[in-house]
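Beneath this line is the structure, given in structure tokens, with notes to follow.
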Amino acid sequence: MDETEVLIAGAGPTGLVLALWLVRQGVKVRVVDRSEGPGTSSRAMAVQARTLELYRQLGLADEIVAGGLRNPAINLWAKGERRARLSFRDAGRELTPFPFVLIYPQDRHERVLVRHLEEAGVRVERSTELLGFEQDAGGVVARLRGPAGESVCNAAWMAGCDGAHSIVRHQLGTGFEGGTYEHTFYVADVDVTGPSANGEIHLSLEDGDFAALFAYDQRGSARLVGAVRDEEVRRGHDLAFDDVRQRAIGSLGLTIEKVNWFSTYRVHHRVAGHYRSGRVLLLGDAAHVHSPAGGQGMNTGIGDAVNLAWKLAHVLQGRAPDALLDTYEIERKAFARKLVETTDRAFSFVIAEGSFADFVRTRIAPLFASAAYGIEPVRAFMFRVLSQMGIHYPDSPLSAGSAGHVKGGERLPWTGHGGPDNHAPLSAIAWQVHVYGTVRPELAAWCARRGVALHQAGWCDACQAAGLARDAAYLVRPDTYVALADRDANPDALERYFAERGIRPT
């Protein structure tokens, strides 16, 4: 019987990131996956700014960015004309070190994560299937079947990162409420030529049709997403690229030189009833699935992994009670529900049928988007939503206080545009206190006594623009969210914060 602290079922990006974060914090993990190797198709491809910020904590961001293509803008097309260009650089340059959407195919992405995990001493156990498990107050006993036959793994905790058809979720019986859209959609990796093959993102909206083009490089390699003609679906034959609707593709002025990979799928929108049952937790597509609108799926799974990893490490190391893990579901399920609702509305708008829907989609929406994007607060808001930097946990038991415009549960604002790079110290993956201005001696003494790193930066215009308060104390969680914002920088407030939650910061 093999022993480990955390058994991770599933070696997609969610499971791999969970393993990397746990290993970084000294946790013993075992990762199993039923596939023979990493994915060989691009699948998920958008890496959002918030994910890159989290990767920066692990020292991965530079390598991931170098391997992908920075998409600086989304172009909206209708009736064969480009109606709007929404620039990420304009919207995000003061908010994050990564003001773009990175297009990085999932197969390449996974290979980087696997290599870093192997460098940390953990090898993914391929062709190894989770057959079932039992759990009690002491841990989880999982039955596995691998190349050498069946075996048993004894783990303190188990993480189900095994996708939308999760065996872990099915055995827990937690439910997966939601539904499925009627339409059949396609995804294809293609080589294209034409005016839209310029390395940017393009969305074409037509009467009864849409197409989205995501460039992989500047040479015409791209991902194409759209709808299959309904009559072809009804015929029931094996679908091919010739069966897709062509109007929106033609409106982009594209010539398809080669189809390298093609697949069809139905879009689901579902959220698991619970993310935790005893010592078993669900993450990524095992916990939530939604439409591909906005490129949020993989990034949300990675966010789940980072949120859970530090909490699991604290519990395993005796630094927090078991109840800390309940905040994982509280924080991440609330976001997943909101995400499903948001992507559902966006997707329903894109695929809506009828003359009025066509008029709004092809005439009104591009004009509205272009005008709204010209307003700086709206532009910043839209970028925060797309980039996932707007994720916050206002109702979490771990969120408290406010100082300036920053509240507990919000991502620590970045001040690196015109000010100090206050995200650089976050690579420690540890509790820390940030002060922008003057540090009270009592606060410095408390941090030294408690072993909590104190980071001070001089007050500057960038600090004020970010919404921070001068001389206030911001207690930052290991996942870079503000746990406590205290205007008075009172060390007693920090001491109460930890005491009330039973957490030891070090």
Side-chain angles (χ1 to χ4, degrees), residues 49-50 52-59 61-62 65 89-100 376-377 379-381 383-384 387 389-392 398-498 505-506:
R50 181 61 181 142
L52 292 172
E53 290 181 348
L54 296 172
Y55 276 179
R56 188 183 181 193
Q57 289 188 274
L58 288 174
D62 289 346
V65 170
R89 290 196 186 101
D90 294 342
R93 62 186 176 186
E94 297 183 8
L95 303 176
T96 177
F98 310 103
F100 47 82
E376 186 172 350
R379 185 165 62 239
F381 171 78
F383 181 80
R384 287 180 188 275
S387 66
M389 293 195 309
I391 296 174
H392 61 295
L398 300 181
S399 304
S402 64
H405 296 293
V406 178
K407 299 180 177 61
E410 296 179 351
R411 157 191 170 272
L412 179 71
W414 181 62
T415 61
H417 184 79
D421 184 0
N422 63 330
H423 279 199
L426 301 178
S427 61
I429 309 184
W431 292 92
Q432 50 191 259
V433 173
H434 285 226
V435 175
Y436 303 88
T438 302
V439 176
R440 293 179 57 187
E442 305 96 309
L443 178 63
W446 182 89
C447 289
R449 185 172 65 254
R450 279 297 219 153
V452 176
L454 173 62
H455 297 283
Q456 178 188 10
W459 184 251
C460 61
D461 291 343
C463 300
Q464 184 172 0
L468 297 161
R470 189 169 190 167
D471 303 336
Y474 296 93
L475 175 65
V476 184
R477 301 174 1 174
D479 60 353
T480 77
Y481 285 90
V482 175
L484 170 66
D486 185 49
R487 182 66 186 86
D488 298 324
N490 186 347
D492 291 340
L494 276 72
E495 188 65 31
R496 284 195 304 272
Y497 177 91
F498 288 113
T506 57

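- Side-chain atoms of E495 never come within 3.5 Å of backbone atoms of W446 as a donor-acceptor pair (strictly under, hydrogens ignored).
- Heavy-atom minimum distance, T415 versus C463: CG2-CA, 4.1 Å.
- Between the CG atom of N490 and the CZ atom of R496 there is a distance of 6.5 Å, given to the nearest 0.5 Å.
- The shortest non-hydrogen separation linking W414 to R93 is CZ3-O, 3.5 Å.
- Closest heavy-atom contact between A469 and W459: C-CZ3, 3.6 Å.
- Of all non-hydrogen atoms in L95 and R411, the two that sit nearest each other are O-NH2, 2.7 Å.
- Note that CG of D471 and CZ of R440 are 10.5 Å apart. Values are rounded to the nearest 0.5 Å.
- Side-chain N or O atoms of Q432 include none that pairs as donor or acceptor with a backbone N or O of L475 at under 3.5 Å.
- Annotation: the span from D62 atom CG to L52 atom CG amounts to 10.0 Å, rounded to 0.5 Å.
- Using a cut-off of 4.0 Å between Lys/Arg side-chain N and Asp/Glu carboxylate O, E53 and R50 are scored as salt-bridged.
- Not one N or O on the side chain of E94 forms a donor-acceptor pair closer than 3.5 Å with the backbone of H417.
- Between the side chains of N422 and Y436, at least one donor-acceptor pair of N or O atoms lies under 3.5 Å.
- One finds the CZ atom of R470 at 10.0 Å from the CZ atom of R487 (value rounded to the nearest 0.5 Å).
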I would like to know whether F100 and V65 meet side chain to side chain contact (heavy atoms under 4.5 Å, CB included); could you show each step before the answer?
CA-CA 10 Å; F100 47 82; V65 170; 4.2 Å; yes
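- Contact between L412 and H423 at its shortest, heavy atoms only, is O-NE2, 2.8 Å.
- Within a 6.0 Å radius of CG in D492, other residues, nucleotides and ligands contribute more than 12 heavy atoms.
- Taking the side chain as every heavy atom from C-beta outward, L443 and Q456 never approach each other to under 4.5 Å.
- Under the salt bridge (charged side-chain N to carboxylate O under 4.0 Å, His left out) criterion, R384 pairs with no residue, sequence neighbours left out.
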> Are D486 and Y497 close enough, and set up right, to give a side chain to side chain contact (heavy atoms under 4.5 Å, CB included), and what steps lead you there?
Replying inline: CA-CA 11 Å; D486 185 49; Y497 177 91; over 6 Å; no
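- Remark: L484 CG to W431 CH2 distance equals 9.5 Å, nearest 0.5 Å.
- Inter-residue side-chain proximity for V406 and P413 is flagged as met; some heavy-atom pair is nearer than 4.5 Å.
- When atom types are taken as modelled, the side chain of Y474 and the backbone of A403 share a donor-acceptor pair closer than 3.5 angstrom.
- At distances below 3.5 Å, not a single donor-acceptor pair connects side-chain atoms of Y481 with backbone N or O atoms of G408.
- In terms of heavy-atom proximity, A473 sits nearest to A489 at CB-CA, 3.7 Å.
- Expressed to the nearest 0.5 Å, how far CZ of R56 lies from CG of D421 amounts to 4.0 Å.
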